[in-house]
Enquirer: 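I'd like to ask some things about the structure below.
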Amino acid sequence: MAVWIQAQQLQGDALHQMQSLYGQHFPIEVRHYLSQWLESQLWDVIDLENPQEEFKAKRLLDSLIQELQNKAEHQVGEDGFLLKIKLGHYASQARMTAALWSWLVREASNSSSPVGGMMDSMSQKYQQINQVFEELRLLTQDTENDLRKLQHNQEYFIIQYQESLRIQAQLTSLATLPPADRQLREPTLLSKRATVEAWLTREANTLQKYRLDLAEKHQKSLQLLRKQQTIILDDELIHWKRRQQLAGNGGPPEGGLDILQSWCEKLAETIWQNRQQIRRAEHLRQQLPIPGPIEELLNDLNSTITDIISALVTSTFIIEKQPPQVLKTQTKFVATVRLLVGGKLNVHMNPPQVKATIISEQQAKALLKNENTRNDSSGEILNNNCVMEYHQATGTLSANFRNMSLKRIKRSDRRGAESVTEEKFTILFESQFSVGGNELVFQVKTLSLPVVVIVHGSQDNNATATVLWDNAFAEPGRVPFIVPDKVLWPQLCEALNMKYKAEVQSNRGLSEENLVFLAQKAFSSSSINPDDYRGMTMTWSQFNRESLPGRNFTFWQWFDGVMELTKKHLKPHWNDGAILGFVNKQQAQDMLMSKPNGTFLLRFSDSEIGGITIAWRMVWNLMPYTAKDFSIRSLADRISDLNHLLFLYPDRPKDEVFSKYYTPPLCMYLTSIHLYKNK
């Protein structure tokens, strides 16, 4: 016999114990209507202590949500209508729980903090957010009940008021009666009128008190709404945007928007319910004006709720997929804009169009100051209009720009030593739509992360430097696009390490020794104690304006060349630990001095961008190899060719390290034929 059928036969304490197992976390209705499906799943095969089992658990939860949706959609009739709403609500709750759990796991895995502690901390924070939503739900339900009670009492008041008018009319009509009849009927009518008028006076005061109490409750709800909205928009959404910016430097992915959207939708739903209640309260006041402060209170409430929903709508018009921050003219690029509350506010019923425009840093500043910048742009973007589409399965409303291209750019006058690759632009996305049957019309705008426009690939290196510095050191809420001109060296180290690991696609980042070497190169000094670098600052000019001493390239240009070479030709050797890389010539000589002849190490060239050289006991340094050399013959093959190279520092036989990367003889033969034919 099925477990749930047996459970339904329980009685007394056993039944109460079974009922106590269910609640908001897992409603008993879900257990009942999905009993057959639930009991057919292999719940026990998932190891809850094993993080690798997360995918299985998520897949099972997704299946549960789908079953709930299917069950809800197939409900018919009057009872079925209510059940359909309930099961649909449970499906939404489950989807939100799934999104929250995925977000927590992803955040914890992206953090250097202990996973367990971070999970507990984040879980506690989001539990608090959900508790506030529950408090708001109860407050809104309470004001709804009060509003209905007020409406019922007011309707009865109006009926009694009509009765008083009817009595007054009867009294007036007595003037047409003979005196004897008038004297007979008048006392009764006067007594009735006095009773009704006394009741009306008392009830008018009661109604006024109900109205004031309701307004006070709405004030409390709006205060809590504003506080909750501040946490979600000014904390969580801003943090997501910051993670998105750091992801542009190679940081961890910013994560999905599902949990944020579910919160924003709950805000929108609660705000709209309270707004409708306030409007109904205003309608009741207009229907039955009673002198007092309620009119001013309702006006303030209406103004406040409109401000709250305006802030929500304008703040949740965001860029889900940023355009490339180094943008080459005449090159196709993509971007995605999303309205997190679009589905909940039914904006998709009349899909709005989004327009993309490129504007300068100065134009962006003027825009945020609300100065008139209409029709101002700094270039022409092709295919820059897109209609927002609603995806019912995910509940998202977004505009996907798939084929944009920057046809031309209009540059502004540059300041001082600023080059074209330091000039920042931004893509402005804007739209207009209405909600609530044109009750409210919103004009929404959002700016992309700073964009550096180039016209030739040779400018990519310097443009990337501008973007890296901006992404790393921008502060939330800044004036576009101000960044500090100098930063502490450890801050720059963090940005360089993040970028290096992402570009090289390696878990092996820059070691402490590597960072000391970089500091010595950046500050052109090898005599400073490594600990002293922690308090030193580096300016933008030192980073990518001023050439290194005795060189014709900057610190960043040298570092970027190292990343490019490693990414394209040396990745496996870097990951194997075969390349020391960040070692200067003198250090290499000192390290090799005590080693047997034939010992060598691999270090990045000091004199050439994107070069690596073999430092070899006896010969010391060979000419640097570059990407051009490795396109002809790989590093491993070149090391194999040099018979005098025997041991990779400190003492590893070279074949043990590199033989797995040697080109097989047949492949070498075919390659040589190909090269001969192409001469």
Side-chain angles (χ1 to χ4, degrees), residues 249-250 325-326 328 419 421 452 454 456-469 492-493 495-506 508-511 513-515 517-522 524 542-588 600-616 620-639 641-642 648 658 661:
N249 275 3
Q325 288 188 263
V326 177
K328 191 167 180 270
S419 68
T421 54
V452 178
I454 63 174
H456 193 276
S458 62
Q459 298 172 308
D460 184 85
N461 175 294
N462 292 322
T464 301
T466 302
V467 167
L468 177 116
W469 189 278
L492 185 58
C493 286
L496 293 175
N497 189 35
M498 183 184 289
K499 185 71 172 176
Y500 189 85
K501 287 171 69 174
E503 288 294 312
V504 179
Q505 296 176 342
S506 169
R508 182 192 169 199
L510 301 173
S511 67
E513 292 79 10
N514 298 156
L515 295 172
F517 168 85
L518 290 174
Q520 291 171 345
K521 179 172 282 292
S524 306
Q542 289 173 297
F543 183 67
N544 197 43
R545 271 190 190 162
E546 301 166 2
S547 294
L548 293 170
R551 307 296 181 197
N552 61 352
F553 48 79
T554 65
F555 169 78
W556 163 256
Q557 289 166 350
W558 179 87
F559 183 79
D560 186 59
V562 166
M563 284 195 301
E564 280 296 302
L565 181 71
T566 308
K567 176 174 68 174
K568 292 179 178 176
H569 300 285
L570 308 177
K571 189 190 302 182
H573 307 305
W574 173 264
N575 289 335
D576 290 347
I579 297 174
L580 289 180
F582 299 98
V583 177
N584 65 39
K585 188 181 293 186
Q586 186 59 52
Q587 284 176 309
F600 68 98
L601 59 79
L602 298 165
R603 53 174 288 269
F604 297 122
S605 170
D606 288 314
S607 60
E608 186 157 355
I609 292 179
I612 191 168
T613 188
I614 299 174
W616 174 17
W620 298 127
N621 290 282
L622 298 180
M623 283 288 290
Y625 295 119
T626 63
K628 183 178 180 182
D629 299 313
F630 294 138
S631 65
I632 299 171
R633 191 151 174 75
S634 72
L635 174 66
D637 287 337
R638 289 178 184 277
I639 289 173
D641 294 342
L642 296 169
L648 178 68
F658 295 101
Y661 302 112

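Computed over heavy atoms, backbone and side chain alike; hydrogens, waters and symmetry mates excluded.
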Enquirer: What class does the angle between the rings of W558 and F582 fall in, given that below 30° is parallel, 30 to 60° is tilted and above 60° is perpendicular?
Expert: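 W558 and F582: perpendicular rings.
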Enquirer: Nearest 0.5 angstrom please: C493 SG to L510 CG, how far?
Expert: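 One gets 8.5 Å once the value is rounded to the nearest 0.5 Å.
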Enquirer: Going from OG on S547 to CD on Q557, what distance comes out if it is rounded to the nearest 0.5 angstrom?
Expert: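 Answer rounded to 0.5 Å: 7.0 Å.
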Enquirer: Give me each pair satisfying salt bridge (charged side-chain N to carboxylate O under 4.0 Å, His left out) with a member in residues 549-559, each pair once, sequence neighbours excluded.
Expert: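 Checked against salt bridge (charged side-chain N to carboxylate O under 4.0 Å, His left out) - neighbours excluded - no pair reaches residues 549-559.
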Enquirer: Of all residues at least two apart in sequence or in a different chain, which pass the side-chain hydrogen bond (donor to acceptor under 3.5 Å, both in side chains) check with S524?
Expert: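 By the side-chain hydrogen bond (donor to acceptor under 3.5 Å, both in side chains) rule, S524 matches no residue at all.
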Enquirer: Determine, stepwise, if the pair N544 / T554 fulfils side chain to side chain donor-acceptor pair (under 3.5 Å).
Expert: CA-CA 5 Å; N544 197 43; T554 65; 2.6 Å; yes
Enquirer: Are any of the side-chain heavy atoms of D576 and Y661 separated by less than 4.5 Å?
Expert: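 The answer is yes; the side chains approach within 4.5 Å.
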Enquirer: As a quick check of understanding, evaluate side chain to side chain contact (heavy atoms under 4.5 Å, CB included) for I579 and T566, giving each step before the final call.
Expert: CA-CA 10 Å; I579 297 174; T566 308; 5.7 Å; no
Enquirer: Taking C-beta and beyond as the side chain, do Y625 and T613 meet within less than 4.5 Å on heavy atoms?
Expert: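 They are not in side-chain contact.
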Enquirer: Could you pull out the closest heavy-atom pair between K585 and R603, with the gap in Å?
Expert: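 So the minimum-distance heavy-atom pair works out to N-NH2, 3.5 Å.
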Enquirer: Any heavy-atom pair between the side chains of F555 and Q542 that's under 4.5 Å?
Expert: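 No, their side chains stay 4.5 Å or more apart.
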Enquirer: Taking side-chain hydrogen bond (donor to acceptor under 3.5 Å, both in side chains) as the definition, give me every residue that meets it alongside N461, ordered by chain and number, with sequence neighbours left out.
Expert: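 For N461, the residues satisfying side-chain hydrogen bond (donor to acceptor under 3.5 Å, both in side chains) (neighbours in sequence not counted) are W556, D560.
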Enquirer: Does S458 have any side-chain hydrogen bond (donor to acceptor under 3.5 Å, both in side chains) partners at least two apart in sequence or in another chain, and if so, which?
Expert: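 With sequence neighbours excluded, S458 shows a side-chain hydrogen bond (donor to acceptor under 3.5 Å, both in side chains) to H456, given in chain and number order.
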Enquirer: Are any non-hydrogen side-chain atoms of L580 and L602 less than 4.5 angstrom apart?
Expert: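 Not touching, per the 4.5 Å side-chain cut-off.
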Enquirer: Could you go through L468 and F543, starting from their C-alpha distance and side-chain angles, then the distance that decides it, and tell me whether this counts as side chain to side chain contact (heavy atoms under 4.5 Å, CB included)?
Expert: CA-CA 11 Å; L468 177 116; F543 183 67; 3.7 Å; yes
Enquirer: Could you label the plane-to-plane angle of the F559 and Y500 rings as parallel, tilted or perpendicular, counting under 30° as parallel and over 60° as perpendicular?
Expert: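 Correct class here is tilted.
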Enquirer: Taking the side chain as everything from C-beta on, heavy atoms only, tell me whether I639 gets closer than 4.5 Å to F600.
Expert: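 Result yes, sub-4.5 Å side-chain heavy-atom pair found.
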Enquirer: Distance from N462 atom CG to R545 atom CZ, nearest 0.5 Å?
Expert: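 It comes to 11.0 Å.
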Enquirer: Nearest 0.5 Å please: distance from the CG atom of L496 over to the CG atom of L515.
Expert: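 With rounding to 0.5 Å, CG (L496) is 8.0 Å from CG (L515).
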Enquirer: Could you go through the side chain to side chain contact (heavy atoms under 4.5 Å, CB included) check for R638 and I632 one step at a time?
Expert: CA-CA 10 Å; R638 289 178 184 277; I632 299 171; 4.2 Å; yes
Enquirer: Restricting to side-chain hydrogen bond (donor to acceptor under 3.5 Å, both in side chains), what partner residues turn up for K568, sequence neighbours left out?
Expert: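 K568 satisfies side-chain hydrogen bond (donor to acceptor under 3.5 Å, both in side chains) with E564 only.
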Enquirer: Could you check whether any side-chain heavy atom of Q325 comes within less than 4.5 Å of a side-chain heavy atom of V452, counting everything from C-beta outward?
Expert: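 No. Closest side-chain heavy atoms not under 4.5 Å.
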Enquirer: Please list, chain by chain and in numerical order, all residues satisfying side chain to side chain contact (heavy atoms under 4.5 Å, CB included) with S506, sequence neighbours excluded.
Expert: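 Counting only residues at least two positions away or on another chain, S506 forms a side chain to side chain contact (heavy atoms under 4.5 Å, CB included) with V504, R508, W574, N575.
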Enquirer: Minimum heavy-atom separation for A588 to L601, with atom names?
Expert: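 Result for this residue pair: CB-CD1, 4.1 Å.
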Enquirer: Angle between ring planes, F658 versus H573, binned at 30° and 60°: parallel, tilted or perpendicular?
Expert: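 Answer is tilted, since the angle falls between 30° and 60°.
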Enquirer: Return the CD1 to OG1 distance between I454 and T421, rounded to the nearest 0.5 Å.
Expert: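 If I round to the nearest 0.5 Å, the distance is 9.5 Å.
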Enquirer: Is the shortest heavy-atom distance from the side chain of F630 to the side chain of L635 under 4.5 Å?
Expert: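 Contact flag for F630/L635 side chains = yes.
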Enquirer: Do D629 and H569 have side chains that approach each other closer than 4.5 Å (heavy atoms only, starting at C-beta)?
Expert: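 Not in contact.
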Enquirer: First locate atom OG of S607, then atom CG of L548, and finally report the distance between them rounded to the nearest 0.5 Å.
Expert: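 The OG atom of S607 sits 12.0 Å away from the CG atom of L548.
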